[in-house]
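A quick write-up on the structure given underneath.
Predicted model only: the values in this text are computed from it and were never measured. Note on naming: letters A, B, ... go to the chains in the order of the sequence lines (proteins, then strands), and numbering restarts at 1 for each one.
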2 protein chains.
Amino acid sequence: MQHDGIGVDVDAGEVGGSDADPLDIGAAQRGRGQTVTIRDVAKAAGVSPATVSRVMNNRESVAPELARRVQQTAASLGYRPSAVAQGLARGRTGLVAITVPDLGNPMFQSVLRGLSRAAGRDGYRLLVTDSHELPLEELVLAQESRLRADGLVLCSPRSHERELAELAHTIEPFVLVNRSVADLDAPTVSVDYASGMRAVCAHLAWLGHSRVAYLEGPRASIPNRERRETLQEAAEGRFELHVVECGSMLEDGFDAADRALATGATAIVGYNDLVALGAHGKLNEIGVRVPDQVSVVGFDDIPLSRYTAPRLTTVAIPQEELGREAWQRLAAMLRDEAPPADVCFTPRLEVRQSTGPAAR
Amino acid sequence: MQHDGIGVDVDAGEVGGSDADPLDIGAAQRGRGQTVTIRDVAKAAGVSPATVSRVMNNRESVAPELARRVQQTAASLGYRPSAVAQGLARGRTGLVAITVPDLGNPMFQSVLRGLSRAAGRDGYRLLVTDSHELPLEELVLAQESRLRADGLVLCSPRSHERELAELAHTIEPFVLVNRSVADLDAPTVSVDYASGMRAVCAHLAWLGHSRVAYLEGPRASIPNRERRETLQEAAEGRFELHVVECGSMLEDGFDAADRALATGATAIVGYNDLVALGAHGKLNEIGVRVPDQVSVVGFDDIPLSRYTAPRLTTVAIPQEELGREAWQRLAAMLRDEAPPADVCFTPRLEVRQSTGPAAR
DNA sequence: TTGTATGCGTTATCAC
DNA sequence: GTGATAACGCATACAA
């Protein structure tokens with residue numbers, strides 16, 4: 001702020017700078033930052049830009065002593081290579097993009113963390129995009145962020161298969177998390193939701209529940225469809241299932257709780273933990289005791305579900321591992337290698353305190 | 001994460017990997033993607049690259065008909081401008097970096113969302129970095145991400161004043177959220193935590209609590225210091241205050257609850273909502289009733305605190321607004337304008353169900 | 001209105 | 001080992 005001259009003209013006409021000002025050597029003609037370029041360092045150190053580049057990248061072929069000198073002048077000038085220019089020259093940005101339906105959902109955060117850690121170890125940074133559960137924006141955002149990154153992780157994409165398949169080539173290389181798409185040979189990391197949901201069913205049936213409400217997730221969500229359908233199948237002959245429109249967020253669950261109760265259900269299964277917790281919040285507010293009067297089940301096992309009162313019974317999925325596995329595949333593709341085979345995790349039912357025998 | 005220098009990237013040696021492929025002559029020599037460049041479009045449309053550029057950027061000075069033709073050939077070729085090249089040529093990337101101490105904290109997510117929405121409206125995307133509450137990594141990460149973006153938002157920085165001031169010029173332009181730094185004229189968006197904490201004090205005193213435990217946040221956290229000190233001052237003559245080491249996450253609160261109880265406190269104040277909820281989880285587990293036996297107070301008012309059982313009494317801070325205001329200032333700087341004056345929000349005590357009269 | 005020629009900051013391919 | 005120099009893909013003064 002204080003260093004560089006006040007009011008450096010936005011678009012100084014300096015370009016032709018034939019007048020070599022000793023102080024202001026060919027400075028950037030645009031914007032703030034008195035950008036120190038590789039050339040400035042080269043000039044100051046009395047070497048060629050190529051050599052400076054070699055030194056900065058620890059290329060072996062530089063005389064040790066020269067290297068030190070260059071490093072010193074670089075440091076003294078405060079030289080910092082432009083990531084953008086490097087990106088252009090190298091053909092890679094060192095960035096990996098990821099789009100999620102809702103950054104506010106702890107489940108996606110965990111995936112993010114897994115990805116971030118794994119990619120970070122390889123020197124990659126994350127470009128995060130939140131599509132706000134909007135299928136239409138999703139691919140646009142994905143395309144756009146892919147443009148600034150070397151690869152993309154599509155987390156729980158809500159887009160239609162057709163559009164996804166159509167635009168696939170524009171976001172390549174990418175890997176799918178939480179969803180597989182026919183006609184697409186993109187590496188996929190998924191979870192066997194059906195198995196998890198069947199476990200929930202068995203659990204509730206065993207507890208004697210004869211009427212269950214499912215708080216349905218966003219219509220565009222494939223995991224929701226899989227969970228709902230599995231629930232419907234598995235409910236057959238065990239209990240009556242009522243599907244209640246809901247959503248994916250706390251508020252949605254809160255708002256849907258009434259409708260769930262109206263079905264006479266003694267157990268409520270949420271599309272995810274947030275929805276389940278939202279519903280539980282409502283039950284608490286209107287004095288319905290959990291699990292004495294009504295049982296509540298979530299899905300995902302976000303960190304918080306372990307700390308609520310009562311602790312939430314839920315289906316645990318290996319969230320960080322999803323991120324790690326996704327990176328493993330993307331990294332392979334970035335190296336022009338064949339990615340590891342698709343993987344599908346089997347979730348585990350985490351029985352805690354929010355479920356109990358059916359009230360009678 | 002790795003320090004810079006060695007092992008900059010795993011695949012450094014690979015670059016030269018594939019040699020001249022007879023198929024993609026003159027095309028990008030590296031990696032996948034048979035990149036369609038502006039030149040290809042120009043050639044195919046029979047115009048100059050400059051014209052294509054004008055068309056792509058909606059410059060007025062192109063004949064309507066020509067423009068359409070160019071657009072069509074561009075579309076048919078599947079041309080998509082390289083964001084990296086644009087960044088280099090324009091001198092701006094369209095990216096804004098933000099570093100937060102913990103992406104897993106809903107409080108920061110809300111700030112993120114506010115920033116994302118505001119910046120998004122101006123065509124900017126977010127480059128998010130999580131410093132994992134590590135003061136040492138923080139600035140390194142910030143510098144690095146700043147290099148790929150046009151500006152930076154430092155959210156609740158944990159770094160020492162000195163280092164921050166020293167490296168300030170390397171991350172400019174930037175704005176501070178949740179912390180002001182003397183000797184630094186960076187635009188700042190903050191919250192008057194002291195006022196919020198005093199409200200908590202008054203509330204607890206009024207409820208008759210004579211012994212209170214504060215679950216302290218990370219040592220490097222300035223907000224923690226401010227909250228703790230305010231609490232200590234305001235406690236004078238009203239109640240006995242015990243400061244308990246804790247942290248910033250759910251687990252930390254859970255683990256610290258025992259120690260808080262051991263002080264004989266009838267009220268527990270958490271550094272933030274997560275910690276408070278974690279502690280509450282523990283209380284629930286060991287059968288201590290909230291608020292009948294022990295009151296619990298949080299800080300931040302994350303969305304979830306409204307849905308817990310009992311609903312959490314907490315200090316509400318305008319999270320999304322922090323993000324919005326931050327962008328307003330950064331945007332101004334990016335336009336070479338003077339940023340709006342610093343702003344400091346006054347939080348509001350949100351009295352809910354987790355606090356009650358002192359148990360006696 | 002359109003084309004030409006540079007520049008953006010680095011990397012990489014050559015020669016030397 | 002080191003130094004010119006051509007990409008990298010796009011934007012933009014300037015000339016036409």
(request) Grab the CZ-P distance between A/R80 and C/dT10 for me, whole Å please. (result) 11 Å
(request) To the nearest 0.5 angstrom, please state how far the CZ atom of B/R92 sits from the CG atom of B/L334. (result) 8.5 Å
(request) Output the single nucleotide from C/dT11, C/dA12, D/dG9 whose closest atom is nearest the side chain of A/R59. (result) C/dA12
(message) If the cut-off is 4.0 Å, is A/S53 near the phosphate of C/dT11, judged by side-chain N/O to OP1 or OP2?
(response) yes
(message) Expressed as a whole number of angstroms, how long is the span from B/L88:CG to D/dT12:P?
(response) 12 Å
(message) Measuring only the C1' atom in each nucleotide, how far is D/dA16 from D/dT12? A whole number of Å is fine.
(response) 16 Å
(message) Checking contacts here: which listed nucleotide (C/dG7, D/dT12, C/dT10) is nearest the side-chain heavy atoms of A/R39?
(response) C/dT10
(request) Measure from CE on B/M56 to C1' on D/dA11 and round the result to the nearest Å. (result) 13 Å
Contacts under 3.5 Å, N or O only, protein and nucleotides 1-5 of chain C:
{"residue": "C/dT2", "atom": "OP2", "partner": "B/A63", "partner atom": "N", "Å": "2.6"}
{"residue": "C/dG3", "atom": "OP2", "partner": "B/S48", "partner atom": "N", "Å": "3.1"}
{"residue": "C/dG3", "atom": "OP2", "partner": "B/S48", "partner atom": "OG", "Å": "3.3"}
{"residue": "C/dG3", "atom": "OP2", "partner": "B/T51", "partner atom": "OG1", "Å": "2.5"}
{"residue": "C/dG3", "atom": "N7", "partner": "B/R54", "partner atom": "NH1", "Å": "3.4"}
{"residue": "C/dG3", "atom": "N7", "partner": "B/R54", "partner atom": "NH2", "Å": "3.3"}
{"residue": "C/dG3", "atom": "O6", "partner": "B/R54", "partner atom": "NH2", "Å": "2.5"}

(message) In whole Å, I'd like the distance from the CG atom of B/N58 to the P atom of D/dT12.
(response) 13 Å
(request) Between D/dC8, D/dC10, C/dT11, spot the one nearest the side chain of A/N57, thanks. (result) C/dT11
(message) Please report the distance, rounded to the nearest Å, between CZ in A/R92 and C1' in C/dA12.
(response) 15 Å
(message) Counting only side-chain heavy atoms from C-beta out, which of C/dT11, D/dC10, C/dG9 sits nearest to A/Q86?
(response) C/dT11
(message) Could you tell me if A/S131 and A/E137 have a donor-acceptor pair between their side chains, going purely by distance under 3.5 Å?
(response) no
(request) Would you kindly give the CZ-to-C1' distance between A/R90 and C/dT13, to the nearest whole Å? (result) 17 Å
(message) So which atom in A/S116 and which in A/L126 form the shortest heavy-atom distance, rounded to 0.1 Å?
(response) CB-CD2, 3.6 Å
(message) What is the distance, to the nearest angstrom, from the CG atom on A/D40 to the C1' atom on C/dC8?
(response) 13 Å
(request) Output all residues satisfying side chain to side chain contact (heavy atoms under 4.5 Å, CB included) with A/E133, sequence neighbours left out; order by chain, then residue number. (result) A/P101, A/D102, A/R158, A/P218, A/S248
(message) Expressed as a whole number of angstroms, how long is the span from A/R69:CZ to D/dG1:P?
(response) 16 Å
(message) Any side-chain to backbone donor/acceptor pair from B/R117 onto B/G120? Under 3.5 Å, distance only.
(response) no
(request) Mind checking the OG1-CD spacing from A/T99 to A/E144? Nearest 0.5 Å is all I need. (result) 12.0 Å
(request) Rounded to the nearest 0.5 Å, what's the gap from CG on A/L88 to OG on B/S82? Could you check? (result) 6.0 Å
